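Just below is one structure, and these are the notes that go with it.
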Amino acid sequence: MTMRTALALALLTTTTTMTGIASASPVQRTAPTSADKRFNRLADAEYAWRKTLEGPGEDAPQPAPASLPDVGPAMQAAMLKRWSDTVAVLDAIDPKTLTPAARDNYAVYRTQVEALLASQRFREYEKPLNADSSFWISIAGMARDTYRDEAALRRYLTQLSQLPRFYDQQITNMRAGLKRSFTPPRITLQGRDIGVAEVVKAGNGEDSPFYAPFKKLPTTIPIETQAALRAEAKRVIAAAVVPAHATLLTFLRDEYIPGARTTLAAYDMPDGRAYYTSKVREYVTRDLTADQVHAIGLAEVAKIRARMGETMKQAKWQGDLPAFLDFLRTDPQFYVKDPQELLNRAAWIAKTFDGKASQWFGRMPRARFAIKPVPADLAPFYTAGRGGPGIYMLNTYDLPARPLYSLPALTLHESAPGHAFQMPFAAELTDLPAYRRETYLSAYGEGWALYSEALGEDMGMYETPYEVFGMLSYQMWRAARLVVDTGIHAKGWSRERAQAFLRDNTALSNHEITTEVDRYIAWPGQALSYYMGELAFLAGRDKARQALTTKFDHRAFHDAMLSLGSVPLPLVDAQVDRFIAGGGKGPYPLP
């Protein structure tokens, strides 16, 4: 057992587990109890209602709703009441009275609703943006969707016509947050208005990004109808889209960004300690304090640093780590000069995994994914890549900041077997309730994607010591996040100290270091989910290997982990124990 997995196993046995998780013995199908039926009625009704609240974005329901969401005060109060009432009913249901299957569902569902309720109680809707994303970026994403028929295009136009109302509600909420200093730090908002400004500058005609879906319409739509749709699009863009963005731009530049808080820490926000504690809970899904997470991060950074030293020797490097990092950041052999070349390399890596997949996974999702560049208006502030159902977006902006030695790890994380593999896999688990197939718990999803990076070493995906080091740098990056996020939000770290910690310990480019630290500053707690989630999968695999010895099969283990859907980490622990108790046969079925 490695020191890393030993720490992870200790973590699993010393932290408090999530309420209501079933025992570790194999789960048998049993008839629903009256408590099951009560719980199912509650969860199904609330989740159906919750889906009606969703607007544009990566997790929007398909087909998209005809209206943009209502984010005004009456709806915010309704959400607070609904989720408060839901938790009260959950409190009245004893998990011991549920069947094992329902007990698992209860644990997953309760984790989701508690996070939603905490978000309402802290009025996070008054801060609908961070350094990484915003409501207007989600709106912009609508223009990049594919609309296959007239009905879908008319829904899109209806949504665009509602932008003035939707943006006015968001501005009202943001003003309330501004008044109580509940904003992202000002330093993280510099330049984030560029996308809004570009919409205003493009104007009302065909140059508007929101007109893009109408440039090439499906041939199944009659020519006369196509002309009418294009005319209507120009009218809506002129009457709603441009004015809404112009109002938002004035607000951002004249009020919001100049008035945003100058402090960095979540602790400095209203009720900041309790707020950050809630974010740690949401993104770690274990009962750990910020101090405990910080300590785990420091220990993991030290272990990975030692492994980096071994890899430097394999690369025949004679100098120290800082010199090696400078070499990686500056040597031309690690960088391409053409964006398409970066996309091509990523595609080659993804296809290489395809040739190995059947050796490591018994069941694979039917869905495939495209590889596309990050849109130009997002790229300067975006991460190196982003993956999900059907898509792996690769950032081709500032190519000297996109090293090839990190590309295999990035691709495994964002495409397959990471996000573009796990999320479609979950969607195909039709025996699970929708709230386990369609929602996303970051500790599980990001933990699995980071585990996929480490698995790449076992799969032989890293062909040079430099690529192994790139993977280790990414592992170090996520371990360092535990230190940096808690350092900034709970320990008073400066932006410069956080940047220096990443610069001294990872091979990230200076551009990536700046954008990543600003992301952590503006999005408290989210960065904790990756490495804490990976520890659960690493510890579970190590435990299963030791228990099953020659009966252990990677394919069965991975199928058992993926068959959970998206769950809090204590349920990963429980599934490992079931997998062992079932003799390592998999995917070990949930009831």
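The structure presented is a predicted model; accordingly, all values stated were derived computationally and were not measured.
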State which residues pass ring pair (Phe, Tyr, Trp, His ring centres under 6.0 Å) with [X]; sequence neighbours excluded, sorted by chain then number.
X: H558; value: F361, W448, Y451, H554
X: Y466; value: F334
X: W348; value: none

Taking only Lys NZ, Arg NE, NH1 and NH2, and the carboxylate oxygens of Asp or Glu, determine whether [X] and [Y] approach each other closer than 4.0 Å.
X: D85; Y: R82; answer: no
X: R286; Y: D573; answer: yes
X: R110; Y: D91; answer: yes
X: K372; Y: E414; answer: no

With distance as the sole criterion, is a donor-acceptor pair present between the side chains of [X] and [Y] under 3.5 Å?
X: Y531; Y: R481; value: no
X: E446; Y: Y283; value: no
X: D94; Y: T97; value: no

Less than 6.0 Å separating the ring centroids of W477 and Y530?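 Centroid distance W477-Y530: not below 6.0 Å, so no.
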Could you work out, with salt bridge (Lys or Arg N to Asp or Glu O under 4.0 Å) as the rule, every residue matching D458, not counting sequence neighbours?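 Expected list: R541.
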Salt bridge (charged side-chain N to carboxylate O under 4.0 Å, His left out) partners of residues 466-479, not counting sequence neighbours, each pair once: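 Matches after skipping sequence neighbours: E453-R478.
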Candidate pair K51 and E54, rule salt bridge (Lys or Arg N to Asp or Glu O under 4.0 Å), full reasoning: CA-CA 6 Å; K51 294 291 286 183; E54 294 182 357; 3.5 Å; yes
Look at the rings of F39 and Y106 and say which category their plane angle falls in: under 30° parallel, 30 to 60° tilted, over 60° perpendicular.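 Correct class here is tilted.
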Any side-chain hydrogen bond (donor to acceptor under 3.5 Å, both in side chains) involving residues 483-493? Give me the pairs, sequence neighbours left out, ordered by first then second residue.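 side-chain hydrogen bond (donor to acceptor under 3.5 Å, both in side chains) check on residues 483-493 returns Y276-D485, D291-K491, H294-T486.
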Check step by step if side-chain hydrogen bond (donor to acceptor under 3.5 Å, both in side chains) holds for Y435 and E46. CA-CA 10 Å; Y435 55 81; E46 182 280 328; over 6 Å; no
